[in-house]
Amino acid sequence: MDTGAGGAGEARPYVLGHSDREIDRLMAQARLIDPITERFFREAGVEPGMRVLDVGSGAGDVAFVAARIVGSEGEVVGVDRVAAALDTARSRAAGLSLHNVTFLVGDPVEIAFERPFDAVLGRYVLQFQADPAAMLRKLSTKLRPGGLIVFHEIDWAGIASYPAAPIYEQCRTWAVETLRLHGTEPHMGTKLFQTFTSAGLAAPTMRLESLVGAGQNSLDRLFLLAEIVRTLLPEMERLGVASAADVGIDTLVERMHAEATANRSLVVGHYQVAAWSRIGL
């Protein structure tokens, strides 16, 4: 999940933190999720030459997706509250020779940009906001008339298996309960339509995808969930959801993979949900 960007002081505490390991997890996650995000953005109408605001840039993955789409004639401005994450993003952008991307530290709602954007976008950001509709309403003021607003969020209800892989599903239960108790919205993807319309935006177009794996070929999907559980584990213990002994994090991936292989289980990941609409049309 990309780091929470905030929204006029409305962001909840970011449960996933900003450690070096968490940045590495985000980059590993991006290798699987970026193709989905790119499909969402392209269908939504992000195109070459656009000036784009990326909300909650974190280590820069979503900004890099947008930069590939808008090309050298376009521009991407990424914003995040966490300077250390953006240091990583800037270093990666230089390594990729992406000269059309810049990163700013701050709250994208509060920053006074020199000119409006053609598109405002973000991934895994609204779930961390106390009032995501208010954030969207304020971000829409950063757009030119007819500008595009598109967000990609997840819904933990998508995580399932058949035949059942009990360890995998137990991890889902632990993670959802931890997020819920912490104040993070585990079903933001499904709530995007209501959030857009509550913000006064036009009823959005919606899309849903999911990563799936089966049996022996499920390892990368299982790793994604296990690493989120690893990040959440201190909060799980603090909130009394599960103990380190319950989770057995050091062998969690291997046990889930052995179970999925033995049961020949199909494992389904989070629902990946996008919503988009245009301003003033």
Side-chain angles (χ1 to χ4, degrees), residues 1-4 12-17 21-22 24-26 28-33 36-37 123-129 132 152-192 207-274:
M1 299 175 188
D2 290 343
T3 53
R12 298 183 175 106
Y14 183 60
V15 66
L16 299 177
R21 181 159 195 152
E22 174 59 11
D24 289 342
R25 183 191 71 79
L26 289 172
Q29 172 181 267
R31 286 191 285 274
L32 291 175
I33 303 300
I36 297 175
T37 302
R123 180 172 75 190
Y124 305 172
V125 171
L126 298 177
Q127 64 187 315
F128 300 110
Q129 309 307 313
H152 173 181
E153 298 286 334
I154 60 172
D155 192 317
W156 282 79
I159 292 184
S161 59
Y162 184 82
I167 302 173
Y168 182 69
E169 297 194 9
Q170 179 63 71
C171 286
R172 174 200 61 203
T173 300
W174 284 331
V176 168
E177 182 66 3
T178 301
L179 294 169
R180 186 187 68 79
L181 290 173
H182 185 269
T184 298
E185 176 52 70
H187 304 298
M188 191 66 238
T190 302
K191 294 184 175 183
L192 279 172
R207 291 293 181 269
L208 183 151
E209 292 194 29
S210 182
L211 294 172
V212 299
Q216 182 75 21
N217 296 320
S218 61
L219 186 59
D220 54 355
R221 278 64 172 164
L222 300 173
F223 178 79
L224 280 184
L225 181 59
E227 285 300 292
I228 294 174
V229 169
R230 182 187 295 276
T231 298
L232 289 173
L233 184 53
E235 195 70 0
M236 285 185 186
E237 292 197 286
R238 186 185 73 82
L239 294 170
V241 174
S243 68
D246 293 332
V247 174
I249 194 65
D250 290 338
T251 62
L252 182 57
V253 173
E254 290 82 358
R255 287 183 287 117
M256 286 197 294
H257 192 231
E259 181 179 77
T261 300
N263 295 348
R264 293 184 295 172
S265 298
L266 174 73
V267 295
V268 182
H270 304 89
Y271 290 145
Q272 307 287 331
V273 188

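- A donor-acceptor contact shorter than 3.5 Å links the side chain of S265 to the backbone of P163.
- M188 contributes atom CE, which lies 9.5 Å from atom CD of Q129 (distance to the nearest 0.5 angstrom).
- The side-chain contact (heavy atoms from CB on, under 4.5 Å) check on R207 picks up F40, E43, T205, W276, with sequence neighbours excluded.
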Check your understanding: Does the pair L252 and I249 meet the rule for a side chain to side chain contact (heavy atoms under 4.5 Å, CB included), with working shown?
Key -> CA-CA 5 Å; L252 182 57; I249 194 65; 3.8 Å; yes
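- With sequence neighbours excluded, no residue satisfies side-chain contact (heavy atoms from CB on, under 4.5 Å) with A262.
- Considering only residues two or more places apart in sequence or on other chains, A157 meets the side-chain contact (heavy atoms from CB on, under 4.5 Å) condition with D155, H187, Y271.
- Within the structure, side chain to side chain donor-acceptor pair (under 3.5 Å) contacts touching residues 157-168 (residues at least two apart or in different chains) are S161-E169.
- In this structure, CD1 in I159 is found 8.5 Å from OG in S210, a value given to the nearest 0.5 Å.
- In this structure, the side-chain hydrogen bond (donor to acceptor under 3.5 Å, both in side chains) partners of Q272, at least two apart in sequence or on a different chain, are Y124, H152.
- Residue pairs that meet the salt bridge (Lys or Arg N to Asp or Glu O under 4.0 Å) test with at least one member in residues 173-184, sequence neighbours left out, are E177-R180.
- Residue pairs meeting the salt bridge (Lys or Arg N to Asp or Glu O under 4.0 Å) criterion with at least one partner in residues 255-265, sequence neighbours excluded, are absent.
- Note: I33 CD1 to H270 NE2 = 8.5 Å, rounded to the nearest 0.5 Å.
- A distance-only check finds a donor-acceptor pair linking the side chain of E153 to the backbone of V125 [under 3.5 Å].
- The salt bridge (Lys or Arg N to Asp or Glu O under 4.0 Å) contacts involving residues 236-247 comprise E235-R238, where partners must be two or more places apart or lie in separate chains.
- Considering OG1 of T190 and CD of E185, their distance stands at 9.0 Å, rounded to 0.5 Å.
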Review item, side-chain donor-acceptor pairs of residues 217-226, under 3.5 Å, at least two apart:
from, atom 1, to, atom 2, distance (Å)
S218, OG, G215, O, 2.6
R221, NE, V212, O, 2.9
R221, NH2, V212, O, 3.4

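- Scanning for side-chain contact (heavy atoms from CB on, under 4.5 Å) contacts around T261 gives Q216, H257, with sequence neighbours left out.
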